[in-house]
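Before any comments, here is the structure.
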Amino acid sequence: MANVKQSKKRAIQDVKRRSRNKSRLSSVRTYIKKFLHLIALGDFQLASNNFSFLTSKIDKSVTKGIFKKKKASRLKHKLNLKLKSIKLN
């Protein structure tokens, strides 16, 4: 454990930030699973509505530091391809 007051405070802040980031990452993953479930069902209308909401969540997680910008871009591209594949069918 830390001995200096500042390092004790930093340790407490790190715990808070870690739990906050873990919660945000978990929620984004949950939205991704819901989106993939809608894709599996073949419901294009609901999936497209959910996709716009999901991309917004992913972009917000980039500004919060949960994802890096390029990872978010790859993720949105991959999900968009799945959405387009359901539209073609």
Are there over 12 heavy-atom neighbours, none belonging to Lys82, within less than 6.0 Å of that residue's NZ?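 It does not: Lys82 NZ has 12 such atoms or fewer within range.
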Within a reach of under 6.0 Å around CD of Gln6, are more than 12 heavy atoms found that belong to other residues, nucleotides or ligands?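 No - once you tally the heavy atoms of other residues, nucleotides and ligands closer than 6.0 Å, there are 12 at most.
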Side chains of [X] and [Y]: closer than 4.5 Å at any heavy-atom pair?
{"X": "Arg24", "Y": "Asn21", "answer": "yes"}
{"X": "Leu83", "Y": "Lys87", "answer": "no"}
{"X": "Asp14", "Y": "Arg17", "answer": "yes"}

Would Lys71 and Arg74 satisfy side-chain contact (heavy atoms from CB on, under 4.5 Å), going step by step from the backbone distance to the final call? CA-CA 5 Å; Lys71 166 145 173 101; Arg74 282 193 313 269; 3.7 Å; yes
Cluster overlap [X] with [Y], hydrophobic side-chain contacts below 4.5 Å:
{"X": "Phe44", "Y": "Ile39", "value": "yes"}
{"X": "Leu79", "Y": "Leu41", "value": "no"}
{"X": "Leu38", "Y": "Leu54", "value": "no"}
{"X": "Phe51", "Y": "Leu36", "value": "yes"}
{"X": "Leu75", "Y": "Leu25", "value": "yes"}

Distance in Å, Ser26 OG paired with Ile66 CD1, rounded so as to fall on 0.5 Å steps: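 The distance works out to 11.0 Å.
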Calculate, to the nearest 0.5 Å, the distance between atoms CZ and OG belonging to Phe67 and Ser73 respectively.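 Going from the CZ atom of Phe67 to the OG atom of Ser73 covers 12.5 Å.
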Stepwise, does the side-chain contact (heavy atoms from CB on, under 4.5 Å) test hold for Lys76 with Asp59? CA-CA 9 Å; Lys76 290 190 294 185; Asp59 289 336; 2.7 Å; yes
Below 30° counts as parallel, above 60° as perpendicular, anything between as tilted: where do the rings of Phe53 and Tyr31 land?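 Perpendicular, since the angle between the ring planes exceeds 60°.
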Check: Ser61 side chain, Ile58 main-chain N or O, donor-acceptor pair, under 3.5 Å: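 It does hold such a pair.
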By side chain to side chain donor-acceptor pair (under 3.5 Å), which residues pair with Gln45, not counting sequence neighbours?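 Expected list: none.
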